[in-house]
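Everything below concerns the one structure shown next.
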Number of protein chains: 2
Amino acid sequence: MEDRLDPKDILLEAAGEIFAEKGLEQATVREICGKAGLNIAAVNYYFRDKKALYVEAVKLAHCTGGQTPQFEVLEGAPPEQVLEAFLRQMMGMMLDDVRPTWHLELMMREMARPTEACVELVRSFIGPMFETLKQIIRPLLPAEISPFNLNLHAFSIVAQCLLYRYHRPVGRILVGEDGYTTLMDLDRLTRHITDFSLAALRGASTPSKGATATQSVSHQETKP
Amino acid sequence: MEDRLDPKDILLEAAGEIFAEKGLEQATVREICGKAGLNIAAVNYYFRDKKALYVEAVKLAHCTGGQTPQFEVLEGAPPEQVLEAFLRQMMGMMLDDVRPTWHLELMMREMARPTEACVELVRSFIGPMFETLKQIIRPLLPAEISPFNLNLHAFSIVAQCLLYRYHRPVGRILVGEDGYTTLMDLDRLTRHITDFSLAALRGASTPSKGATATQSVSHQETKP
DNA sequence: ACTTGATTAAAACACTTGTTTGAAACGGAC
DNA sequence: GTCCGTTTCAAACAAGTGTTTTAATCAAGT
């Protein structure tokens with residue numbers, strides 16, 4: 001840990017790591033202060049209490065860097081290429097190649113089981129990222145698409161990225177230890193998700209003709 | 001709660017609900033026994049300790065019902081239709097229309113942050129479901145596809161379903177309260193995920209020709 | 001009615017938690 | 001040096017945790 005800093009920052013950094021690893025209620029202020037090399041009373045001196053420290057840590061997690069909305073730069077490139085670049089950056093985050101490890105982990109925790117810190121997190125990090133993605137895929141979809149369906153398509157894309165972060169352990173059990181290490185490759189995953197999503201977006205060009213070939217017969221229950 | 005039952009079952013049922021709601025370490029044996037109408041010592045009398053009770057609750061969650069591998073029945077139908085039926089059932093689970101609420105919630109918790117109970121859960125519930133999906137989409141993909149890429153495609157499909165369960169609160173903040181209630185509709189979501197996935201699978205028919213139009217230029221960093 | 005085994009109940013135990021307290025140590029200003 | 005505000009520390013507090021213990025209760029079996 002970096003010494004010679006504001007003890008408030010040291011405490012915040014240690015808190016971020018522990019909170020990301022164990023969550024708000026599972027982390028203890030003793031462990032946090034121990035890691036920070038400070039006394040137990042520090043958390044109450046610099047912040048009000050444990051929860052305030054947590055909220056501040058989440059805020060720090062999504063305020064540092066701020067590398068989200070810099071995609072409008074390559075607007076000249078074809079949208080397929082922009083999408084691939086976006087997905088590569090996103091998957092880089094999912095695979096922990098970008099930030100200090102605990103930043104994203106803490107944000108993921110907050111997204112899965114939100115506290116009061118979540119609204120600000122979505123407003124300043126998730127939201128802009130989502131809007132960027134929508135702008136990227138917008139020209140790849142038919143012009144008459146509704147904002148509603150645009151949201152659905154964007155959801156389908158980010159969902160694929162999130163899977164490899166949230167369900168790593170299940171995936172490991174599912175495909176085996178060896179097959180899983182070869183699976184978690186940035187280039188491979190980026191390419192697959194890009195191809196899969198691009199094909200889906202192209203297929204959506206005909207909203208009422210080709211797609212949904214089986215929509216009226218599907219209400220039957222599947223009981224043997 | 002159903003009375004006149006083996007107190008072991010009553011305890012297990014109450015434990016399932018509380019564990020699903022709060023997780024293993026956040027739930028207290030006092031609250032569980034309180035809900036079950038039993039004494040605190042019951043958890044140590046019928047089960048060994050809290051963790052053993054938890055493992056048993058997870059086992060109960062994925063053993064009751066067992067409605068997973070009944071999809072081979074309608075093998076006569078076209079695979080597109082089978083996929084839609086599968087996705088409808090899966091989304092029904094995600095939207096809490098099928099089982100008693102806590103069963104799936106507990107499994108989701110176990111998948112997100114696995115304990116020792118996860119291996120058995122994957123082996124007897126997640127695994128078969130995943131294999132079923134792979135068999136369904138198998139005829140929709142080119143014959144020469146590798147098991148590896150088949151896994152990737154199946155992952156991309158289940159990922160879309162899981163999103164609407166895991167990130168409900170984020171989605172709510174993202175698209176607004178009103179837009180979100182209209183979003184969480186079983187038919188609408190099933191139709192979208194089916195269309196999106198079918199289009200993607202069709203697009204994968206040309207594994208080296210049309211797809212991945214932008215793969216060599218994408219290594220540039222996106223720094224302004 | 002008495003005994004025996006299984007079940008339930010209340011209390012206590014040992015431990016950890018977040019938070020608070022009050023005094024000690026520090027660092028400049030005068 | 002003396003003073004004073006800021007920062008650190010060790011100790012204690014009250015509340016809550018899982019677990020154990022010990023006695024009470026119950027339901028047959030004889």
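In the text below, chain A, chain B and the rest are named by the order of the sequence lines, each starting its count at 1. Just so it is clear, the structure is predicted and the values come from calculations on it, not from any experiment.
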Considering only nitrogen or oxygen atoms on both sides, find all protein atoms under 3.5 Å from nucleotides 14-18 of chain C and state each distance.
residue : atom : partner : partner atom : Å
C:dG18  : OP1  : A:A27   : O            : 3.1
C:dG18  : OP1  : A:K50   : NZ           : 2.7
C:dG18  : OP2  : A:V29   : N            : 3.2
C:dG18  : N7   : A:R30   : NH1          : 2.8
C:dG18  : O6   : A:R30   : NH2          : 3.1

So which protein N/O to nucleotides 6-8 of chain D N/O distances come out below 3.5 Å?
residue : atom : partner : partner atom : Å
D:dT7   : OP2  : A:Y45   : OH           : 2.7
D:dT7   : O5'  : A:Y45   : OH           : 3.3
D:dT8   : OP2  : A:Y46   : OH           : 2.6

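- Between A:F196 and B:F196, the ring planes lie tilted relative to each other; the angle falls in the 30° to 60° range.
- In this structure, A:L11 and A:F47 have side chains that are in contact, with non-hydrogen atoms separated by less than 4.5 Å.
- For A:K134, the NZ atom sits in a packed shell: over 12 heavy atoms of surrounding residues, nucleotides or ligands are nearer than 6.0 Å.
- When the P atom of C:dT8 is taken as reference, atom CZ of B:F47 falls 12 Å away, rounded to whole Å.
- Ion pair B:R88/B:E84 flagged as a salt bridge, since at least one NZ, NE, NH1 or NH2 atom sits closer than 4.0 Å to an Asp/Glu carboxylate oxygen.
- As rounded to whole Å, 9 Å separates atom P of D:dT19 from atom CZ of B:R48.
- Figure legend: cation-pi geometry between B:K50 and B:F19 absent, as NZ or CZ is not positioned both under 6.0 Å from the six-membered ring centre and within 45° of its axis.
- Two residues are said to be in side-chain contact when any heavy atoms from C-beta on lie closer than 4.5 Å; B:R123 and A:I173 fail this criterion.
- Between B:H103 and B:H62, a ring centre-to-centre spacing not shorter than 6.0 Å is recorded.
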Can you list, pair by pair, the side-chain donor-acceptor contacts under 3.5 Å of residues 107-114 of chain B, counting residues two or more places apart and other chains?
residue : atom : partner : partner atom : Å
B:R109  : NE   : B:A20   : O            : 2.9
B:R109  : NH2  : B:E21   : O            : 2.8
B:E110  : OE1  : B:Y54   : OH           : 2.6
B:E110  : OE1  : B:T115  : OG1          : 3.3
B:E110  : OE2  : B:T115  : N            : 2.5
B:E110  : OE2  : B:T115  : OG1          : 2.9
B:E110  : OE2  : B:C118  : N            : 3.2
B:R113  : NH2  : A:E105  : OE2          : 3.3

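- Regarding contacts with the backbone of D:dT20, a side-chain N or O of B:N44 is found under 4.0 angstrom from either OP1 or OP2.
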